[in-house]
Amino acid sequence: MDKVILIMKQYFSYFLWRSFLLLPLFFIGSLSAATLNVYTYSSFTSDWGPGPKLKKAFEDQCDCKLNYVSSDDGVSLLNRLRLEGKNTQADVVVGLDDALMTETRSLGLVQPHGLNLADLKLKPELNWQAADFIPFDLGYFAFVYDRQKTQPVHSMAELLNSNARIIYQDPRTSTPGQGLLIWMQAIYGEQAEQAWQKMRQRTVTVTKGWSEAYNLFLQGEADYVLSYSSSPAYHLMAEKSDRYAAVLFSEGHARQVEVAALTKFSKQLELGKQFLTFLLSEEAQQIIAVNNWMLPVREGVELPDAFSQLIQPKAIGFTPEEIHQQRQAWIRQWRSAVSR
Amino acid sequence: MLLLALLLGSSGLALLALTGWQTAPQVQLWQDPWFWQVLKFTLWQAVLSSFISVLLALPLARALVMDKQLPAKATFLRWCLLCFVMPSLILITGLVVMFGFTGWLTPFLNLVFGEGWSLYGLTGILLAHVFLNLPLAIRVLTSQWGSIPSSVWKMAAQLQLKGWQRFLLVEWPALRSVLPALLGFIFLLCFNSFAVVLALGGGPAATTLEVAIFQALKYNFNPSEALFLAVTQLIVAGSLFWFFNRWGKLEWLAPASGGQTWRPATNLFTRWLGRGFYLCIALYLTLPVLGLLPTAISQGLAGLPWLKLLKASGWSLLFALTASLLAVLMALQLSWMSSTQPAYLPKKTNSLEGFITRLAALAALHHLIIPGMVLSVGLYIFFMPFINWMDWGWLAIIWLNALIALPFAFSQLKPAVFTYQVNYQRLAASLGLPFGMYWWRVVLPYLKPALERVAAISLVLTLGDFAIFGIFGQPNYTTLPWLIYELAGSYQLAAAALASLWLLGLAFIGLMLLERK
């Protein structure tokens, strides 16, 4: 019953809020404790994701409230920011990736973080230079399979020529899907269209976000699912099972660096900066690794044993600028190749 | 006047946006093979869906009319009505439960079709479209077959016509008049289908125009591509509607007729064939819905997202109730305006009143031609520079849902209002009652049955809205259909089944009001 009343209150207050009758009250409310609005994707904020633990750790040290607003997946996140423009509530955006950096920047949605990159102990292989985005984790896209059921392939070419059933994500909404787009381009270049046509014949379904795809795979609906090289660590640690593994492709793997930034219209600059710095602390990097199941970007973060059993892929791909220029054309190519 | 301006204004602005007022439509898409692929698929699935629905309905409708001993006929026909207006998300969950990857019937289907069985793609779209539209075809054809008078049957028997002669001379003429319109109408419904294709299409290989519009705007954030697709959708769907509408009107809401008329006996084989067919179709039309219940409770009631469900129902009801109320009020106002000229006066077609009368009817009915998705996208893009849709989307959801329900409400309400005005208006005016009393005591009691029916249709329609919310909705006020979509999409079938049952219950309450005599 309490919950019912609570929800009724929520409806009521929502409309009052909209009608600005309570504008003075709103100001008083906002004075009491600063709120940092963080836009991110849904698997980040889910109960099993890193969001809740990061929130607790950050609120312990900032005397503020952290409020997540989540979208389906990384690309939807960018679309949302773009749509809201200057009306956005977001102070910080977490969960875009390096492939979307240039596009976000050119839309004028973010601003310089003002942090000294040299102090952040980032992995040198990243060679991070951006003045607006900071990286917070990285991963290699990989196909995950069930060891009890599937004899793994060893390359993309072998996969496309096999008769395996594959699930992947839509590149228009999801960053792994976009990662596959980049990966296919990096391997096949001019022949990408033919490769996509082969992929179409192997595809069970194309999902909107990562979690739907992975769920379907765990239900046993496909032999391979597009995910990350670090995904098996979850099964090793949380389920004590080595049943699921990622396949190492001889052509190399596309790499994704997930990034965060202050939005152009942020109302909490100082707090936002504090949060970005916090994301790169050892504590936060560990939370992210074992909850988002990605690799740290900071040097010398201690990780559980499971992470040492993962495959060590060779990175291939393009610079963010190249991706920005080609992305729409690649999407169109994918779209017509797989709809034939 | 203000109402007329608002109604015609909304469509006007949407159409203005389509012509490239804010953002130019991306005309180059014309040369993209993908565009033609989408158009072709949209047409193809609609052709298949409409033909399969009608072909299956023909023998069944005949059995329903000819076989007097068929059990539960009335219930079946009522169930058909429910199926036709059922929010499609309920059915989608039902189909996933039955035919999905881990569906009840999937092991069996895998045996029949080999390992290649998959619900996602054309198969799923057809299964869903036929489920939703076969009932319409059954109702229309049954009432058409049933309208053949006993005397004609008796005459045919006296002349000792053979089965096929009787069909050709007696039955076919009755059907011929309605078949093209029926096919056309179902074709149009499937052409404009959104939820089914989005949920069961299984990716870009099976995309319809409407889904492509949504994806262009929401996935790609490419307003100009969305506009071009919307223009195409409007041109094709609008002209098809105009075309089919000339072929005749369908009567599907009328309660099933008693059927106490004389019918010739059919031979044993035909009769049992009809009964078997009846059983198969009845199973097909009930199993996906019945399967929801065991699925909903399969994992216990504790782990289900009750709070989310409660919230979504709250928002759904809030939007649907406001939108239907708005639709009913507008329909009342417009039918009042469009029938103020009593029929016995010579029509002053050229006068201002005559103009307003026709304008009112136009304002109410023109939304039939403009698909909801097109209207939404047009308005969305037109106002994008001025309005933050994140804050004001709820307003558009209510307004557009009211607009979509308006033509149905108007066409149901207008006859009642017209009869009232012709028969009682002068009498009531002579009483000299104050305005409020006049409405409260005279007009509303007279119109009450019609108003209730109209409110129920509007409620069921707006409860099931998926497309408008898809464009304007926000995750913080997710409605039931979208909650179901998310749950079924992430394979939380128990929760999805529960939410579907719940939505079905809400729609059913609306329908109880509708079928009340």
Side-chain angles (χ1 to χ4, degrees), chain A residues 3-4 6-8 10-11 14-15 17-18 42 69-72 75-76 78-89 107 165 167-174 200 203-209 211-216 218-222 328 331-340, chain B residues 29 32-38 40-41 100-102 115-116 118-121 198 200-207 212 215-223 225 306-307 310-311 313-315 318 380 384-385 387-392 394-395 474-477 485-486 488-493:
Chain A
K3 279 181 175 171
V4 176
L6 191 76
I7 288 167
M8 284 173 65
Q10 278 177 356
Y11 291 146
Y14 182 82
F15 282 104
W17 200 88
R18 292 282 176 248
S42 53
V69 179
S70 51
S71 299
D72 288 333
V75 189
S76 322
L78 171 62
N79 287 341
R80 172 157 195 180
L81 277 178
R82 171 148 56 175
L83 218 55
E84 290 184 334
K86 63 181 190 304
N87 296 310
T88 186
Q89 305 291 320
L107 290 165
R165 297 171 305 149
I167 295 180
Y168 67 95
Q169 299 83 355
D170 193 322
R172 294 169 298 182
T173 45
S174 143
R200 183 182 70 94
T203 306
V204 174
T205 184
V206 180
T207 66
K208 202 170 162 202
S211 16
E212 291 147 81
Y214 209 76
N215 258 336
L216 281 176
L218 292 181
Q219 301 264 348
E221 298 319 324
Q328 286 302 332
I331 285 181
R332 272 199 296 277
Q333 185 191 51
W334 162 78
R335 192 169 72 175
S336 47
V338 298
S339 64
R340 211 158 285 158
Chain B
L29 211 58
D32 192 336
W34 169 80
F35 167 74
W36 293 105
Q37 187 59 43
V38 169
K40 217 166 72 190
F41 182 79
F101 292 122
T102 48
E115 286 294 304
S118 164
L119 174 66
Y120 298 90
L198 187 68
L200 298 178
T207 301
Q215 289 175 335
L217 196 63
K218 290 288 164 164
Y219 287 16
N220 256 354
F221 196 73
N222 191 343
E225 188 178 297
W306 291 103
L307 190 64
L310 197 61
K311 265 184 158 170
S313 336
W315 286 115
L318 189 71
Y380 188 92
M384 208 160 52
I387 293 180
N388 180 9
W389 284 122
M390 299 278 161
D391 285 344
W392 295 98
W394 59 274
L395 196 64
Q474 294 305 323
N476 50 344
Y477 44 83
Y485 172 66
E486 278 161 25
S490 55
Y491 243 69
Q492 301 179 47
L493 279 189

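Basis for what follows: all heavy atoms, side chains included, without hydrogens, waters or symmetry-related copies. Protein chains get the first letters and strands the later ones, always in sequence-line order, with residue 1 at the start of each.
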Under 30°, 30 to 60°, or over 60°: which ring-plane class applies to B/Trp315 and B/Tyr477, parallel, tilted or perpendicular? tilted
Going through the checks in order, is the side chain to side chain contact (heavy atoms under 4.5 Å, CB included) test met by A/Val206 and B/Tyr120? CA-CA 10 Å; A/Val206 180; B/Tyr120 298 90; over 6 Å; no
Which bit of [X] is near chain B, if near means a heavy-atom gap under 4.5 Å: side chain, backbone, both or neither?
{"X": "A/Lys208", "answer": "side chain"}
{"X": "A/Leu78", "answer": "neither"}
{"X": "A/Arg80", "answer": "both"}

Identify which part of B/Leu29 has an atom lying under 4.5 Å from any heavy atom of chain A, answering side chain, backbone, both or neither. side chain
Part of B/Gln215 within contact of chain A (heavy atom distance under 4.5 Å):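 Contact with chain A: side chain only.
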Output yes when A/Arg172 and B/Glu225 qualify as a salt bridge under the 4.0 Å nitrogen-oxygen rule, no when they do not. no
To the nearest 0.5 Å, what is the distance between OG (A/Ser211) and CG (A/Leu216)? 10.5 Å
Would you please test A/Gln89 and A/Val69 for side chain to side chain contact (heavy atoms under 4.5 Å, CB included) and show each step? CA-CA 9 Å; A/Gln89 305 291 320; A/Val69 179; over 6 Å; no
